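Quick caveat: nothing in here was measured; it's all calculated off a predicted structure. Order of the sequence lines sets the chain letters (A, B, ...), proteins ahead of strands, with each chain counted from 1.
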Amino acid sequence: MDEELHERVRDIIKTIPSGRVSTYGDIAAAAGASTPRLVGRILSEDGHDLPWHRVLRASGIPAPHLVHRQLELLRAEGVLADGQRIDLRRYRWEGP
DNA sequence: AAAGTGACAGCCG
DNA sequence: ACGGCTGCCACTT
């Protein structure tokens, strides 16, 4: 049914440039999703081919089970973490 | 039908 | 600044 929403979420994530990040909440808002949880669910099911590592929690810390791997991928793009936390004020992608 | 679950977020102490 | 609580919504038991 909500194939629409599903694709919108995927498209938005594809637009995040290398070296920048976004949050579940921002993506949910941009895609018109009713809750950020949906973004997480879509990523877990159908996010393998997307730059999923550029999506963080509102705190700037990645989802718990992924922290290590995700911070590594981000570091490779020049996104540096202070401990486990990314500075959103610096790297957050606000759209074009 | 009710309760549990999860890649979340905001408020409060 | 951080843990705890509560609201959230689609899915599964």
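- Across B:dA7, C:dC9, B:dA9, the shortest atom-to-atom separation from the side chain of A:Pro36 is found for B:dA9.
- Counting to the nearest Å, the P atom of C:dG3 and the CD atom of A:Gln84 are 11 Å from each other.
- Comparing atom distances between the A:His65 side chain and each of C:dC2, B:dA7, B:dA9 picks out B:dA7 as nearest.
- In the displayed structure, A:Asp49 atom CG is contacted under 6.0 Å by more than 12 heavy atoms of other residues, nucleotides or ligands.
- Remark: A:Ser34 is in phosphate contact with C:dA10, judged by side-chain N or O atoms under 4.0 Å from OP1 or OP2.
- Atom OH in A:Tyr24 sits roughly 16 Å away from atom C1' in C:dC8 (whole-Å rounding).
- Look at NE2 on A:His6: it is 14 Å from C1' on B:dA7, rounded to the nearest Å.
- Using a 4.0 Å heavy-atom cutoff across all strands shown, A:Leu38 reaches sugar-phosphate atoms only and no base atom.
- Atom CZ in A:Arg41 sits roughly 13 Å away from atom P in C:dC9 (whole-Å rounding).
- A:Arg92 places no side-chain N or O within 3.5 Å of a backbone atom of A:Ser22 that could act as its donor or acceptor partner.
- In terms of heavy atoms, A:Pro62 sits closest to A:Leu71 at CG-CD2, 3.9 Å.
- Atom CZ of A:Arg92 is separated from atom C1' of B:dA9 by 12 Å (rounded to the nearest Å).
- You'll find that the side chain of A:Arg85 is closest to C:dC2, out of C:dC9, C:dC2, B:dA9.
- We find that CD1 of A:Ile42 is positioned 11 Å from C1' of B:dA7, with the value rounded to whole Å.
- Using a 4.0 Å heavy-atom cutoff across all strands shown, A:Ser44 reaches at least one base atom of the nucleic acid.
- Side chains of A:Glu77 and A:His53: a donor-acceptor N/O pair is present below 3.5 angstrom, by distance only.
- When rounded to the nearest whole Å, the span between CG of A:Leu74 and C1' of B:dA7 equals 14 Å.
- As a whole-Å value, the separation of A:Ile61 CD1 from B:dA9 C1' is 14 Å.
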Step by step, would you call A:Ile13 with A:Ile27 a side chain to side chain contact (heavy atoms under 4.5 Å, CB included)?
CA-CA 7 Å; A:Ile13 293 174; A:Ile27 293 165; 3.8 Å; yes
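- Residue contacts shown for A:Arg69 are absent, as no nucleic acid heavy atom lies under 4.0 Å away.
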